[in-house]
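One structure below.
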Protein chains: 2
Amino acid sequence: MHGGTKMDKIEKRPRGRPRAYEPEVALRQAADAFWKAGYSGTSLDDLSAATGMNRPSLRAAFGDKHTIYLRALADYWGLKFAVMKVALASPGTLPEVLMRVYDSALDIYFSGDEHVRGCFVVGTAITEALGDPEIQDVVTGGFRKLDADFETRLREARDAGELKKDADPEALAMLVSATMHTIAIRARAGASRAELRKLAQKAVGVITG
Amino acid sequence: MHGGTKMDKIEKRPRGRPRAYEPEVALRQAADAFWKAGYSGTSLDDLSAATGMNRPSLRAAFGDKHTIYLRALADYWGLKFAVMKVALASPGTLPEVLMRVYDSALDIYFSGDEHVRGCFVVGTAITEALGDPEIQDVVTGGFRKLDADFETRLREARDAGELKKDADPEALAMLVSATMHTIAIRARAGASRAELRKLAQKAVGVITG
DNA sequence: AACATATTATACGAACCGGTACAAAATTCA
DNA sequence: TGAATTTTGTACCGGTTCGTATAATATGTT
C-alpha cells in the first residue's frame, strides 16, 4: 500500500519541515473537488477541505486556483488518453474494441467514491471554456487528439476489411466521439451506467454497420 | 420597434410607479449572462448589469438567483423544443430534415451578439446538475423529450421507406441526439459554425445510411 | 545546542456575494 | 391637492472568497 514502484524513495530528505501531504494525492483530491462542483463552484476552502492542506500550503505547492485547475485538467486528459490508447489497442473485433473504449470511459465517469461524476472535461471545462482561452485550448487539443486516435483505429479496421471499403473513417470517428460526448453528458444528467452501456451498444451497432 | 403584436397593450396601467423594464426582455438578458459564464460564474451584480435592473427589483420580479436560473432554463428548453418541432415537421427527404434540425440548433448556438454561446443546457446546466436535483430533473426531462421526438420522426421515415426496414429508430435517435451533443460541446470549445455543419453532414450521412 | 531551512497554521484584509431594510420616486385614485 | 400604491435606488448586513503576512513547527546542518 505504501511500497514504491521504483526505488522506494530513498531520496535524501530535504532540508526543512517535511510535507504533511503527498503532492500527487493532494492534486487528485483537488481534482475531485472541481469534478463535483465545477471550477466556479469550487472555492479554495473547498480545495483545502478536500486535500487537508490549508490555503497557504495549497498556494505554495500548486499555485493559485486557476493553475490548480489547469493541472487537474491536464492530468485528466493524460488519464483519458492512456485509457483510450489501451482500449483502442486491445484485441478483438471492431465492435468489441469500441465497447472496450466505452466501458473504459464509463469506468472513469463512474469512478467517484459515492456518486457519478461524468467526464471532467464535459462536466467542468466546457462551461469555463467560453471565457477562458487557456482552458478552451486545452479542451480543443484533447478533442482533436481523441478524434484522431479514433479515426486511425477506424481506418485500420476498414483496411482490415472490418468495415465496408467505402466507409468514411473521419465520419465514423466523429460518431464515435459524439457517442462518447452524449454518454458524458447523460452521465452527469443522472443516467445509470447500465443505461449508458446499452446506448453505447446501440451506437456501436450502427457505426460498425 | 415598439409596436405590439396583439392589442398594442391597451391594458389599463396598474396602480403604482411603472416598471422601468419589460419582464420578458430582462429575463432574456439575465439568461444571456448565465449563458456566458454559467450559473456559479454569474453573480447577482452580473445579472443586474445585464438587465439594467438593480438587485431588489430583480428579486421582486423574478425571485432569487436559483429561481431566475430555472426560469431561464425552462425558457431555453421551450425555445429548443419549438425550433426542433418546426425542423422535424419540415418537408423534404430525411437527410434534408435532419440537416434542418442541426442548422436550427446552430442558429441558437451561434445567436450571441458577439461570440458563440453553444447550448445553454450543455454549457451551463450540466455542470450544476450533479449537485442540484432540480436542475438535473429539468435537464433529463428535456433530453427525454428530444430523444422521443427524434425517434418518432425516424420511425415515420422507416415506415415511409426512407430507411431500411430493419433500421432501429431508437438507436438512430440516440445518434441524432449524440450528434447534437457533440456539436453543442464543440461549439463551446471554439469550433466554427462551418466546421460543425460539416460534422453534421457527415453524421447525417452515416445515420441515414 | 544554535542556526538555517522549509513547511504548517493562524489570522488578517480587501473585495465580493446574496439578500434585504428603508427611503425616494412615479404613478393612479379620490 | 393629497392619500394610496408600486417600483426604484441607496445603503447596509452577515458571510464568503481569494490572497497573503506573520508566527509557530519540524526537520537537517554545523
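The sequence lines fix the lettering, A, B, ..., with proteins before strands; numbering per chain opens at 1.
Interface residues of residues 44-60 of chain B facing DNA chain D, ordered by number: B:Asn54, B:Arg55, B:Pro56, B:Ser57; criterion, heavy-atom separation under 4.0 Å. Within residues 125-138 of chain B, no residue is approached by DNA chain D to less than 4.0 Å at the level of any non-hydrogen atom. At a non-hydrogen distance threshold of 4.0 Å, A:Asp64, A:Lys65 from residues 61-72 of chain A come into contact with DNA chain D.
Side-chain N/O atoms of A:Thr152 and A:Asp149 include no donor and acceptor closer than 3.5 Å. Looking only at atom types and distance, the side chain of B:Tyr69 has no donor-acceptor partner in the side chain of B:Thr42 under 3.5 Å away.
Considering only heavy atoms from C-beta on, B:Leu199 comes within 4.5 Å of B:Thr179 through its side chain. In this structure the side chain of A:Leu172 never reaches within 4.5 angstrom of the side chain of A:Asp168, judged on heavy atoms.
In this structure B:Arg197 satisfies the side chain to side chain donor-acceptor pair (under 3.5 Å) test together with B:Asp103, sequence neighbours excluded. Qualifying salt bridge (Lys or Arg N to Asp or Glu O under 4.0 Å) partners for B:Glu170, counting only residues two or more places apart in sequence or in other chains: A:Lys202. Residues meeting the side chain to side chain donor-acceptor pair (under 3.5 Å) test with B:Asp147, sequence neighbours left out: A:Arg186, B:Ser177. For A:Asp64, the side chain to side chain contact (heavy atoms under 4.5 Å, CB included) partners two or more places apart in sequence, or in a different chain, are A:Arg59, A:His66, A:Thr67. B:Glu151 pairs by the side chain to side chain donor-acceptor pair (under 3.5 Å) definition with B:Arg155, not counting sequence neighbours.
A donor-acceptor pair under 3.5 Å is absent between the side-chain atoms of A:Tyr21 and the main chain of A:Leu27, judged by distance alone.
Between C:dC17 and B:Ser43, a contact under 4.0 Å exists linking OP1 or OP2 to a side-chain N or O.
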- Dot-bracket pairing map - DNA chain D, Watson-Crick plus G-U, both contacts under 3.5 Å, | cross-strand: ||||||||||||||||||||||||||||||
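The minimum heavy-atom distance between A:Ala125 and A:Leu73, with the atom names listed, is CB-CD1, 4.2 Å.
Along DNA chain D, the stretch of nucleotides lying under 4.0 Å from any heavy atom of chain A spans, 5' to 3', D:dT17 to D:dT29.
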- Chi angles and distances behind the side chain to side chain donor-acceptor pair (under 3.5 Å) call for B:Thr140, B:Asp137: CA-CA 5 Å; B:Thr140 302; B:Asp137 285 350; 5.5 Å; no
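In this structure, A:Ser40 reaches neither bases nor backbone, as no heavy-atom distance under 4.0 Å exists between it and the strands shown.
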When the side chains of residues 28-39 of chain A are checked against the rest of the protein, which donor-acceptor pairs come out under 3.5 Å, sequence neighbours left out?
unit_1	atom_1	unit_2	atom_2	d
A:Asp32	OD1	A:Arg117	NH1	2.7
A:Trp35	NE1	A:Arg117	O	3.3
A:Trp35	NE1	A:Gly118	O	3.1

For residues 75-90 of chain B, which side-chain donor-acceptor pairs fall under 3.5 Å, sequence neighbours excluded?
unit_1	atom_1	unit_2	atom_2	d
B:Trp77	NE1	B:Val138	O	3.1
B:Lys80	NZ	B:Tyr109	OH	2.9
B:Ser90	OG	B:Ala87	O	2.6
B:Ser90	OG	B:Arg100	NH1	2.6

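By the neighbour-count criterion of 12 heavy atoms within 6.0 Å, atom CD of B:Glu96 is densely surrounded, having more than that number from other residues, nucleotides or ligands.
Comparing A:Arg15 and A:Tyr21 by the nucleotide of DNA chain C whose heavy atom lies nearest to each, the residue mapping closer to the 5' end is A:Arg15.
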